[in-house]
Amino acid sequence: MPAFLKFTRRFAPLPPLLLLAGCDLVVMAPSGDIATQQRDLIVISTVLMLLIIVPVIFLTLLFAWRYRRSNTNATYDPEWHHSTALEVVIWSAPLAIIIALGAVTWISTHKLDPYRPLDRLDAARPVPADTKPLTVEVVALDWKWLFFYPDQGIATVNELAAPVDVPISFKITASSVMNSFYIPALAGQIYAMPGMQTKLHAVINKPGEYEGFSANFSGDGFSHMRFKFHGVDRQGFDAWVARVKSQGTALNRDAYLKLEKPSEREPVRYFATVEAGLYDAILNMCVTAGKMCMHEMMHIDALGGAGKESVENRKRLEYDNRHALEQGAGAATFPATGTPARSQEEPQGTNGANEPMQHDMPGMGGHEGHSMPEGGGDPAPPQLNH
């Protein structure tokens, strides 16, 4: 029995280690310079905090053991209340750590700003003066990723490639809900939001195949919203572009509107040609014919509004319900949750009949009662009426 207990104690750490063997530590062993600097920031911050945490834990256990009740050799001084030297140590050490962390955070916040163009390929090599970054326009769809290569004139779904040691300039947006573009081996996550454009500058330093995914929950197909990122040499990238052009189809507005519809486990797709201005139309939420682009509306707002005639723009600015009719939904909560949008119970304060409510408050159209419009219609938003 003692031999068995000794054997158990000796090999007890093995099961947890076996479980950890399946973990992918790509965040701590990245392949891009930006991700490497972010890894270093994690390590430095952790070490600085452990300089306080470890001594505190050790001294807590030491004091509990040394001044236990059964230890009669420990000095007992119930009148003790102050020590200047001890106060200096207690307050100066954490203050020094906070100052160091603040300095590291300040420097890293500016140095690793995702909107800042790269000034180096890695710690030993600056970006050559004649280097042209690879531009990639990213669109988060439901539930897949669409990548535009404007300089190459191609687009892909759920597959991304870039040459090694070439700066990459990402422009990122979304078609409907917010997502988060994340390639752990390359750089930190950046949000993708509809009607807005975020940016990311990064570089891959090692060839290989890396995992990319959405790091922000966005619905039923979120778990499978993944793609492959290929880091290749220049010849390999040129060959990949040639393959996309030879195997791909055309991506125009009609094809995009079909692709935009929610789908899960979408396979890799290639598009050999892309309609001019398609990414800008996606960004400004006006791919569908008849929709007003966001930049047009912002221009109208900047000029002070369009007056009463802007009521006609209302239907041209409806974006969030553009799939409602296709899905047969009667309201926002149906049929996604299976719950009807309206309760069968009458709300409190009504007479049980379908009569308009009367308002006697001042400012509602006069001293007499003011009825709501028949049919429940709501007026146009104020910003469209002024």
Side-chain angles (χ1 to χ4, degrees), residues 1-114 116 120 122-124 178 180 182-191 202 211 213-217 222-223:
M1 192 63 156
F4 175 76
L5 293 176
K6 184 177 180 180
F7 175 82
T8 303
R9 287 195 299 267
R10 180 175 297 178
F11 292 97
L14 287 181
L17 292 177
L18 291 175
L19 292 176
L20 290 175
C23 295
D24 187 0
L25 299 179
V26 62
V27 173
M28 303 307 296
S31 302
D33 183 61
I34 296 297
T36 299
Q37 294 182 69
Q38 293 172 338
R39 185 272 315 273
D40 294 343
L41 179 60
I42 294 174
V43 173
I44 293 172
S45 301
T46 303
V47 171
L48 286 174
M49 290 184 287
L50 288 178
L51 291 177
I52 291 296
I53 296 173
V54 171
V56 167
I57 294 176
F58 173 76
L59 292 175
T60 300
L61 297 176
L62 177 63
F63 292 162
W65 172 255
R66 178 173 175 78
Y67 296 102
R68 67 193 185 278
R69 184 176 182 179
S70 61
N71 186 11
T72 58
N73 295 326
T75 302
Y76 177 65
D77 186 2
E79 302 300 326
W80 183 90
H81 65 88
H82 180 73
S83 171
T84 301
L86 186 59
E87 291 286 346
V88 170
V89 172
I90 289 176
W91 290 105
S92 62
L95 182 60
I97 298 300
I98 292 173
I99 292 174
L101 280 173
V104 171
T105 302
W106 174 268
I107 295 172
S108 300
T109 298
H110 292 82
K111 188 177 181 180
L112 298 177
D113 182 359
R116 178 183 178 181
R120 73 180 208 182
D122 54 37
M178 184 172 71
S180 182
Y182 188 30
I183 305 175
L186 181 68
Q189 61 174 330
I190 301 295
Y191 284 114
E211 187 79 10
F213 53 89
S214 173
N216 189 83
F217 181 74
F222 160 77
S223 299

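Along the sequence shown, the residues carry numbers beginning at 1.
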Can you tell me how far the [atom1] atom of [X] sits from the [atom2] atom of [Y], to the nearest 0.5 Å?
{"X": "Asn71", "Y": "Trp65", "atom1": "CG", "atom2": "CH2", "result": "8.0 Å"}
{"X": "Ile42", "Y": "Arg39", "atom1": "CD1", "atom2": "CZ", "result": "9.0 Å"}
{"X": "Gln37", "Y": "Ile44", "atom1": "CD", "atom2": "CD1", "result": "10.0 Å"}
{"X": "Leu186", "Y": "Thr36", "atom1": "CG", "atom2": "OG1", "result": "10.0 Å"}
{"X": "Phe63", "Y": "Phe58", "atom1": "CZ", "atom2": "CZ", "result": "9.0 Å"}
{"X": "Ile52", "Y": "Ile98", "atom1": "CD1", "atom2": "CD1", "result": "9.0 Å"}

Heavy-atom pair with the smallest gap, counting every atom of [X] and [Y]:
{"X": "His110", "Y": "Arg116", "value": "O-NH1, 3.3 Å"}
{"X": "Ile34", "Y": "Ala202", "value": "CG1-CA, 4.0 Å"}
{"X": "Gln38", "Y": "Gly188", "value": "OE1-N, 3.0 Å"}
{"X": "Ala185", "Y": "Pro30", "value": "O-CB, 3.7 Å"}
{"X": "Ala74", "Y": "Tyr67", "value": "CB-CD2, 3.8 Å"}
{"X": "Ser108", "Y": "Leu41", "value": "OG-CD1, 3.5 Å"}

Checklist line | Under 3.5 Å: donor-acceptor pair, side chain of Asn216, backbone of Met178 | finding: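 Yes: the side chain of Asn216 pairs with the backbone of Met178.
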Quick check: do [X] and [Y] have side-chain heavy atoms less than 4.5 Å from each other?
{"X": "Ile53", "Y": "Val56", "answer": "no"}
{"X": "Met49", "Y": "Leu101", "answer": "yes"}
{"X": "Met28", "Y": "Val43", "answer": "yes"}

Note to self: For Phe213, run the side-chain contact (heavy atoms from CB on, under 4.5 Å) check against Ser180, Ser223, Pro184 and tell me which one passes.
What the structure shows: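 The option that passes is Pro184.
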Note to self: Are there over 12 heavy-atom neighbours, none belonging to Trp106, within less than 6.0 Å of that residue's CH2?
What the structure shows: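 For Trp106, atom CH2 is not crowded (no more than 12 foreign heavy atoms under 6.0 Å).
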